[in-house]
Amino acid sequence: MEVKTNEFGHFDVVSDDSDHHFLGSNNGKCFYDSNSKVYRTIMKEWKILEQSLPESIYVRVYERRIDLMRAVIVGTAGTPYHDGLFFFDIMFPSDYPKHPPMLHFHSFGYRINPNLYINGKVCLSLLNTWNGKGTEMWDPSKSTMLQVLVSIQGLVLNKNPYFNEPLRLFDSESKSRVYNENAFIITCYTSFLLLQRPLRNFEAFVSAHFCERAFPILSACSDYVNGRVEVGYYSSDLRSSSSTVRVSREFKEKMIQFYPKLFQAFRLKGASVGGLVEHLELEIEQSEKKSSGGGQRQQLKNKSRRIFKKVMEKIKQTLGWKKKSQIEGRDRSLQSS
């Protein structure tokens, strides 16, 4: 029976922990002692998560290993991560909550964000793995697992991840735009890989999510490649808008090459994707024609400049002008005007 995402519980206790990143960790006896502080604190965390998880975050905990947890965050609209699924394996230390939980991000070999490393490291001040001050850091008396997950969703997987690095705050917006293009492509790559190898206890959810979101994801690919809207801001209401946004050639090439694979993966899962491939190819052809036309205009402009330079050289020779540097300076001024 096919499961829909709204039928998949946001919080649940499961038994299969066989593919968890921290499975081999040496969990202490305190996790089995219902009277220990760490046991009581984790049970409190379970209750908070069960009652307060937002719509776009799902958590599974393990009946035999209460020190382990797995969470998935759905990428937010208005970011280059929209409609993607981002998985985190979590382990509570034996002295929790004195020290924050440890997290491992399932990167699938890609660097999708400045705070999320290929090796799975998660840099976040709340986890004491990133610089921070005061309330930004882990507070044993106040901080919770829910707070960590919401912070990753809002502060890490945001609309301008390039600027997560403090030293980049004064860089150009164009660099941020290119970074967003790459982040979206990687989100598509990892979506494809998740469809092939979903993580345990989330198989049904992964399949249902991408079946439901296949059409908007593929439509976004089309709109972004053709410059109809800035990467991260796809909306079905903008499908008829004209091309106005600059898109890098590298992004176009990668997206055009990968799109058919993503389309096929969605279709094999039973997603409704009728007509999207033909529509995307047609828009790409139109985009390339526009690009070719722009190149021809540039060639004509360059040719006009060469002719202008030759004419000025003839005039100088005819009039016998000797102050060559002054004339060349005037030539350059005219050409740039």
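The first residue of the sequence shown is numbered 1, and numbering continues consecutively from there. Computed from a predicted structure; not experimentally measured.
Considering N115, N164, T79 as possible partners of N158, the one that fulfils the side-chain hydrogen bond (donor to acceptor under 3.5 Å, both in side chains) test is N164. Under the side chain to side chain contact (heavy atoms under 4.5 Å, CB included) test applied with L127, the options P101, S151, S143 reduce to a single match, P101.
Note that the CG atom of L124 and the CH2 atom of W130 stand 9.5 Å from one another [nearest 0.5 Å]. Between I48 atom CD1 and L146 atom CG the span is 7.0 Å, to the nearest 0.5 Å. Atom NE2 of H209 is separated from atom OG of S191 by 6.5 Å, given to the nearest 0.5 angstrom. One distance of note links OG of S174 with CZ of R246; it measures 7.0 Å at 0.5 Å rounding. Of the inter-residue distances, the one linking Q147 atom CD with S52 atom OG reads 12.5 Å to the nearest 0.5 angstrom. Taking CG of L103 as the reference point, atom CG of L116 lies at 10.0 Å (rounded to 0.5 Å).
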Would you sort out whether W138 and V148 count as a side-chain contact (heavy atoms from CB on, under 4.5 Å), showing the intermediate values?
CA-CA 9 Å; W138 180 264; V148 170; 4.0 Å; yes
Please test L193 against R197 for side-chain contact (heavy atoms from CB on, under 4.5 Å), starting from the C-alpha separation and ending with a verdict.
CA-CA 6 Å; L193 292 173; R197 303 191 304 272; 4.3 Å; yes
Trace of the side chain to side chain donor-acceptor pair (under 3.5 Å) decision for Y81 with N113:
CA-CA 10 Å; Y81 307 110; N113 185 282; 3.0 Å; yes
Show the numbers, then the answer: is there a side-chain contact (heavy atoms from CB on, under 4.5 Å) between Y39 and C30?
CA-CA 7 Å; Y39 187 99; C30 58; over 6 Å; no
Salt bridge (charged side-chain N to carboxylate O under 4.0 Å, His left out) evaluation trace for D89 with R60:
CA-CA 10 Å; D89 281 0; R60 291 295 178 267; over 6 Å; no
What do the steps show when you test I66 against V61 for side-chain contact (heavy atoms from CB on, under 4.5 Å), and what is the final call?
CA-CA 7 Å; I66 70 165; V61 297; over 6 Å; no
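Considering every non-hydrogen atom in both L23 and R65, the closest pair reads O-NH1, 3.0 Å. Closest of all the heavy-atom pairs between C211 and G270 is SG-C, 4.1 Å. Between P97 and P140, the closest heavy-atom pair is O-CB, 3.3 Å. Closest heavy-atom contact between C221 and L262: SG-CD2, 4.5 Å. Shown here for T187 and G84, the closest heavy-atom pair between the two residues is CG2-CA, 3.7 Å.
Between D16 and R200 there is a salt bridge, since at least one side-chain N of the basic residue sits less than 4.0 Å from a carboxylate O of the acidic one. The existence of a salt bridge linking R177 and E173 is excluded, since no basic side-chain nitrogen approaches an acidic carboxylate oxygen closer than 4.0 Å.
The neighbour count for Q51 CD, taken as heavy atoms of other residues, nucleotides or ligands under 6.0 Å away, is above 12. The 12-atom threshold is exceeded at CG of N6, counting heavy atoms of other residues, nucleotides or ligands nearer than 6.0 Å.
Residues F105 and Y117 keep their aromatic ring centres 6.0 Å or farther apart. Checked against the 6.0 Å centroid criterion, the rings of H82 and F184 qualify as a close aromatic pair. Y110 has its ring centre less than 6.0 Å from the ring centre of Y189. Annotation: Y62 is in aromatic contact with H20 [ring centroid separation under 6.0 Å]. The six-membered or imidazole ring of F215 lies away from that of F266, with a centre-to-centre distance of 6.0 Å or more.
Using cut-offs of 30° and 60° on the angle between ring planes, the pair Y259 and F263 is parallel. Taking the six-membered ring where tryptophan is involved, the planes of F192 and F258 are perpendicular, since the angle between them exceeds 60° and thus also 30°. Classification of the F87-F202 ring pair by plane angle, with boundaries at 30° and 60°, yields perpendicular.
The hydrophobic clustering, which links ILVMFWY residues whose side-chain heavy atoms are closer than 4.5 Å, places V206 and F108 together. If you chain together hydrophobic residues whose side chains sit under 4.5 Å apart, L199 and V14 never meet in one group.
In this structure, R249 and E253 have side chains that are in contact, with non-hydrogen atoms separated by less than 4.5 Å. Here the side chains of V74 and Y58 are in contact, with some heavy-atom distance below 4.5 Å. Side-chain contact between H10 and I57: absent, with no pair of heavy atoms (C-beta onward) separated by less than 4.5 Å.
Judged by distance alone, with hydrogens and angles left aside, the side-chain atoms of R213 form no donor-acceptor pair with the main-chain N or O of P216 at under 3.5 Å. Although no hydrogens or angles enter the test, the distance criterion places no donor-acceptor pair under 3.5 Å between the side chain of W46 and the main chain of T41. In this structure, the side chain of H104 does not engage the main chain of F88 through any donor-acceptor pair within 3.5 Å. One N or O on the side chain of S107 and one on the backbone of I118 form a donor-acceptor pair closer than 3.5 Å. Listed for the E203 side chain is a donor-acceptor partner under 3.5 Å among the backbone atoms of N201. A donor-acceptor pair is defined here as one N or O able to donate and one able to accept, closer than 3.5 Å; no such pair exists between the side chain of N128 and the backbone of H99. Side chain of E212 to main chain of T5: a donor-acceptor pair is present (N/O by atom type, distance under 3.5 Å, no hydrogens or angles). A donor-acceptor pair under 3.5 Å is formed between the side chain of E136 and the backbone N or O of K133. Distance alone, capped at 3.5 Å, is enough to place a donor-acceptor pair between the E181 side chain and the S248 backbone. Using a distance-only test at 3.5 Å, with no hydrogens or angles considered, a donor-acceptor pair links the side chain of S36 to the main chain of D33.
At a cut-off of 3.5 Å, with distance as the only test, no side-chain donor of R64 or S15 sits close to an acceptor on the other residue. For the residue pair Y96/E45, the side-chain donor-acceptor check at 3.5 Å is satisfied.
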